[in-house]
J.: 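If you scroll down you'll find the structure; I have some questions about it.
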Amino acid sequence: MKITWYGHSCFLVETAEGSAVLDPYSPGSVPGLTLPPLRADLVLCSHEHRDHGYRQGVTLTGAAPALRLETLDVWHDDRQGALRGPNRIHVLEAEGLRLAHLGDLGHMLSPEQLHALGRIDLLLIPVGGHYTIGPETASALVRAL
């Protein structure tokens with residue numbers, strides 16, 4: 001598995017079973033960053049804000065990937081979406097590994113949500129404290145997983 005970070009929350013995941021771009025950002029939405037042309041089998045967006053949902057920035061290969069994909073609907077804030085709306089966690093499984101991309105998670109996961117995620121080998125976790133969880137919540141989440 002090869003993972004390339006393109007800044008902010010955008011990653012390209014390449015495996016023997018397929019490829020995916022997670023959270024591509026639109027031009028001008030992330031100060032100082034320009035998304036290069038990307039190509040993958042899938043494009044996955046955690047939510048529809050400009051800095052996470054620029055599907056047009058990814059050329060799809062047309063291949064049917066064998067990646068196993070799970071999703072978990074969560075919130076972009078700690079008020080059940082009242083401030084920033086929904087967010088979606090994507091879990092990719094390939095080559096015997098489970099990768100979870102949390103997007104702009106804005107709250108601690110419940111015991112039920114933690115159970116639904118199951119075993120995670122690689123966690124792409126946001127930390128910031130305003131639009132995402134802060135360091136204390138991120139640390140607690142990592143310990144809980």
J.: Would you say the side chain of Ser19 lies within less than 4.5 Å of the side chain of Val13, judging by non-hydrogen atoms?
T.: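 Side-chain contact under 4.5 Å: no.
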J.: For the residue pair Asp77 and Tyr131, establish whether any side-chain heavy-atom pair is separated by less than 4.5 Å.
T.: no
J.: So, do His52 and Asp104 sit near enough that their side-chain heavy atoms are less than 4.5 Å apart?
T.: yes
J.: Indicate yes or no: at least one non-hydrogen side-chain atom of Gln113 is less than 4.5 angstrom from one of His115.
T.: no
J.: Looking only at atom types and distance, does a side-chain atom of Glu95 sit under 3.5 Å from a main-chain N or O of Ala16, one as donor and one as acceptor?
T.: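 Present.
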J.: Measuring only between side-chain heavy atoms, which start at C-beta, is Val91 closer than 4.5 Å to Ile120?
T.: yes
J.: Please assess His107 against His76 for the test ring-ring contact (aromatic ring centres under 6.0 Å, His included), listing each intermediate value before the final yes or no.
T.: CA-CA 7 Å; His107 62 92; His76 193 331; over 10 Å; no
J.: Report the C-alpha separation of Asp23 and His8 in whole Å, then their side-chain angles, then the decisive distance to 0.1 Å, and conclude whether the side chain to side chain donor-acceptor pair (under 3.5 Å) test is met.
T.: CA-CA 9 Å; Asp23 280 6; His8 199 53; over 6 Å; no
J.: Quick check: do Arg98 and Leu92 have side-chain heavy atoms less than 4.5 Å from each other?
T.: no
J.: Tell me, which pairs form a side-chain hydrogen bond (donor to acceptor under 3.5 Å, both in side chains) where one or both residues lie in residues 53-67, sequence neighbours left out?
T.: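 Those involving residues 53-67 are Asp41-Thr61, Glu48-Arg55.
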J.: Side-chain contact test, heavy atoms from C-beta onward, threshold under 4.5 Å: evaluate it for Ser9 versus Asp51 and give yes or no.
T.: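 No; the side chains remain at least 4.5 Å from each other.
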J.: Using ring-ring contact (aromatic ring centres under 6.0 Å, His included) as the criterion, list what pairs up with His101, not counting sequence neighbours.
T.: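 For His101, the residues satisfying ring-ring contact (aromatic ring centres under 6.0 Å, His included) (neighbours in sequence not counted) are Phe11.
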J.: The criterion is salt bridge (Lys or Arg N to Asp or Glu O under 4.0 Å); which residues satisfy it with Arg79, sequence neighbours excluded?
T.: none
